[in-house]
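Both counts, for ligands and for their atoms, begin at 1 and track the order of listing. Below, each value reflects all heavy atoms present in this structure, side chains not excepted, and no hydrogens, waters or symmetry copies. For the single chain, residues carry numbers from 1 onward in sequence order.
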Amino acid sequence: MSSAEEAGDSPLLVQLRALIERQGPLPVDTYMRLCLADPEHGYWQREETIGAHGDFITAPEISQVFGELIGLWAAVVWRSMGAPATLRFIELGPGRGTLLRDALRAVGSVPQVLAAASVHLIEASAPLRQAQRRTLAAWGESWEPTQPEREAPSGPTSNPAGSPEHAQARSRRQARDEGGSRGFIHSPASSRTKPGRNGEHPAIAWHEAISEVPEGPAIVIANEFLDPLPIRQLVFAEGAWHERVVDVDAQGGLRFAVGPVTTTGSETLEPVPGAILELRAGEEELLAQLARRASPLVGLFIDYGPMERATGDTLQAVQAHAWVDPLSRPGRADLTAHVSFARLGDKARAAGLAADGPMTQAEFLGRLGVAERALRLMAANPKEAGAIEAGVERLISPGGMGGLCKVLAVRSPGLPRVVPFA
Ligand code: SAH
């Protein structure tokens, strides 16, 4: 869509204004959910979101080294889990599929892992599911099959779960999404691994929720998946915590306001007037779903946010790589908020998981050997050496992603500490 077409109120703004006039101001989490997930005008329906032509850039889009190191990390973790014969490699919010492609390519050097793995993707955005199919198909087709196909260790479930709204959203999405919301790169009607030049090509399936991923030992990767999960904001005013809400202003635009008193949110010991506390229930829900799985599991969360239990307003919107007012372009700008890693660790432990970390992305990648990997890649591609170095530098720079992004691993309590936290 051109910017001329985008002039004026967004269709979602018109809808939100009517909703607020009918029902009253919206809590911030409701606003965030509608901006991102509205089935017609939500941000996830947009075609170009991640990448140079989109709104924001992520680590795997900056350098292939990111996904490669995560693939190699997963291979080491698989061994530390006792090298199970079946492995569910689950990615939450895979974006354009770039991390997965780079990870699987790197894991090609450990064929036992590829032979054990089936890949399970959880993705809310129909355009991004298509982008993932394109990324993985292009990569898969460069592999020439040399042997007959064989059955995968196990296929995806067809056992849907969830609320009626969830089911409705699913059928709408399926209707829109060519090939349905589940599918395989090469053989839509069956679950098979493809042997190729680099070894096995694992079966890949898309699911609506992690509860749909079949049982079995699992490694879960989530890069920048938590930050778009909706947050509530509580604001401290007149001696009590209040819900922060989104209301309509005199000009018909949106503004923040102080809503009703709420009993949750007494976590900060001495709140000062105007303090803002952010709560993200989606984290508890996700960790509970992970903890509920019967088989051993390791999860890796990488996201923007502080190590500590910070307070303050971190709701932010980005469009075309620039910050914009989070209320000014509902449905047109990406909307996220920081992850508090200390709280994420607390939540994991409360759910019955063990947690390792957090550490900064720079330290995590450093300990995984980012410098060595970059040097090897530069030596093999001398013409690209400058770009490779600049990309890796962006991933680890202390004032940029390297310091702002943190990494936390969670695991079933019986498993050993996860590298490189050990
Ligand atoms: N991991 C990717 C993309 C990060 S952007 C990368 O690093 O490039 C966030 C991703 O999570 C997008 O793919 C977005 O569509 C997806 N997403 C956000 N909330 C989601 C939800 N509730 N369920 C499933 N996917 C979600």
Side-chain angles (χ1 to χ4, degrees), residues 29 32-39 42-52 54-71 89-103 119-136 161-163 165-166 169-170 173 177 181-182 206-213 220-231 280-287 289-290 299-305 316-318 321 331 333-339 361 365 391 394-395 401 404-405 407:
D29 60 345
M32 213 171 155
R33 188 168 295 115
L34 291 170
C35 286
L36 292 170
D38 181 84
Y43 182 73
W44 292 333
Q45 301 307 326
R46 297 182 79 84
E47 295 290 334
E48 291 273 1
T49 52
I50 306 173
D55 296 309
F56 61 98
I57 189 96
T58 59
E61 302 292 336
I62 290 173
S63 171
Q64 68 183 76
V65 172
F66 188 81
E68 288 172 357
L69 286 177
I70 288 185
F89 188 89
I90 304 171
E91 191 178 354
L92 308 179
R96 301 207 299 191
T98 308
L99 186 160
L100 182 64
R101 181 197 60 198
D102 295 339
V119 174
H120 302 270
L121 304 180
I122 317 285
E123 175 53 65
S125 155
L128 283 177
R129 283 198 298 275
Q130 293 297 1
Q132 290 152 22
R133 285 199 177 88
R134 280 195 301 273
T135 301
L136 296 164
S163 61
E165 300 84 37
H166 192 141
R170 176 171 34 241
R173 220 179 260 166
D177 192 7
S181 72
R182 291 184 193 85
W206 279 261
H207 307 273
E208 289 292 328
I210 213 157
S211 54
E212 294 181 8
V213 178
V220 183
I221 308 292
N223 186 55
E224 290 199 42
F225 174 75
L226 298 175
D227 63 350
L229 298 186
I231 53 154
R280 185 181 272 120
E283 290 175 358
E284 277 97 329
E285 285 159 22
L286 173 62
L287 290 161
Q289 284 180 340
L290 297 181
L300 189 70
F301 292 99
I302 308 170
D303 232 304
Y304 282 95
Q316 59 191 34
V318 165
H321 303 272
D334 181 43
L335 208 51
T336 62
H338 282 179
V339 173
Q361 175 169 299
L365 295 177
R394 257 181 101 180
L395 295 183
M401 264 188 177
L404 295 175
C405 291
V407 188

Fill in: Structural part of Pro60 in contact with ligand 1, heavy atom criterion under 4.0 angstrom
side chain
Worksheet, complete the sentence: With heavy atoms and a 4.0 Å threshold, my read on which part of Pro94 contacts ligand 1 is backbone
Discussion item. I'd like the name of whichever of Leu36, Thr58, Ile50, Ile62 reaches closest to atom 6 (C) of ligand 1 through any heavy atom.
Written reply: Thr58
Worksheet item: If you measure from atom 26 (C) of ligand 1 to every heavy atom of Phe225, Phe66, Phe56, which option wins on shortest distance?
Response: Phe225
Nearest protein heavy-atom contact for [atom]: which residue, which atom, what distance?
{"atom": "atom 2 (C) of ligand 1", "answer": "Gly93 O, 3.3 Å"}
{"atom": "atom 9 (C) of ligand 1", "answer": "Glu224 O, 3.2 Å"}
{"atom": "atom 7 (O) of ligand 1", "answer": "Asn223 ND2, 2.7 Å"}
{"atom": "atom 18 (C) of ligand 1", "answer": "Trp44 CZ2, 3.2 Å"}

Worksheet item: Measuring from Leu287:CG to Ile210:CD1, what's the distance to the nearest 0.5 Å?
Response: 9.5 Å
Please find the pair of heavy atoms, one from [X] and one from [Y], that lie closest to each other, and give the distance.
{"X": "Ala52", "Y": "His321", "answer": "O-NE2, 3.3 Å"}
{"X": "Gly97", "Y": "Leu136", "answer": "O-CD2, 4.3 Å"}
{"X": "Trp44", "Y": "Ser125", "answer": "O-OG, 2.9 Å"}
{"X": "Glu284", "Y": "Arg280", "answer": "OE1-O, 2.9 Å"}
{"X": "Gly391", "Y": "Ser63", "answer": "C-CB, 4.2 Å"}
{"X": "Leu395", "Y": "Gln361", "answer": "O-NE2, 3.0 Å"}

Fill in: Main-chain N/O of Leu92 paired to Glu123 side chain as donor or acceptor, under 3.5 Å
no
Output yes when the distance from some N or O of ligand 1 to some N or O of [X] is under 3.5 Å, and no in every other case.
{"X": "Glu123", "answer": "yes"}
{"X": "Gln132", "answer": "no"}
{"X": "Pro228", "answer": "no"}

By number and element, which atoms of ligand 1 are closer than 4.0 Å to a non-hydrogen atom of [X]?
{"X": "Ala124", "result": "20 (C), 21 (C), 23 (N), 24 (C), 25 (N), 26 (C)"}
{"X": "Gly95", "result": "2 (C), 3 (C), 13 (O)"}
{"X": "Ser125", "result": "15 (O)"}

Practice prompt. For Glu61, enumerate each residue passing the side-chain contact (heavy atoms from CB on, under 4.5 Å) test, keeping only those at least two apart in sequence or located in another chain.
Written response: Ile50, Ile57, Thr58, Arg96, Thr98
Could you go through residues 221-230 and list every donor-acceptor pair under 3.5 Å that involves a side-chain atom there, pairing it with any protein atom two or more places apart or in another chain?
none

Discussion item. Using heavy atoms and a 4.0 Å limit, tell me yes or no: is Leu229 in contact with ligand 1?
Written reply: yes
Item to complete: Run the contact test for Leu128 against ligand 1 with a 4.0 Å cut-off on heavy atoms, strictly below, and give the result.
Response: yes
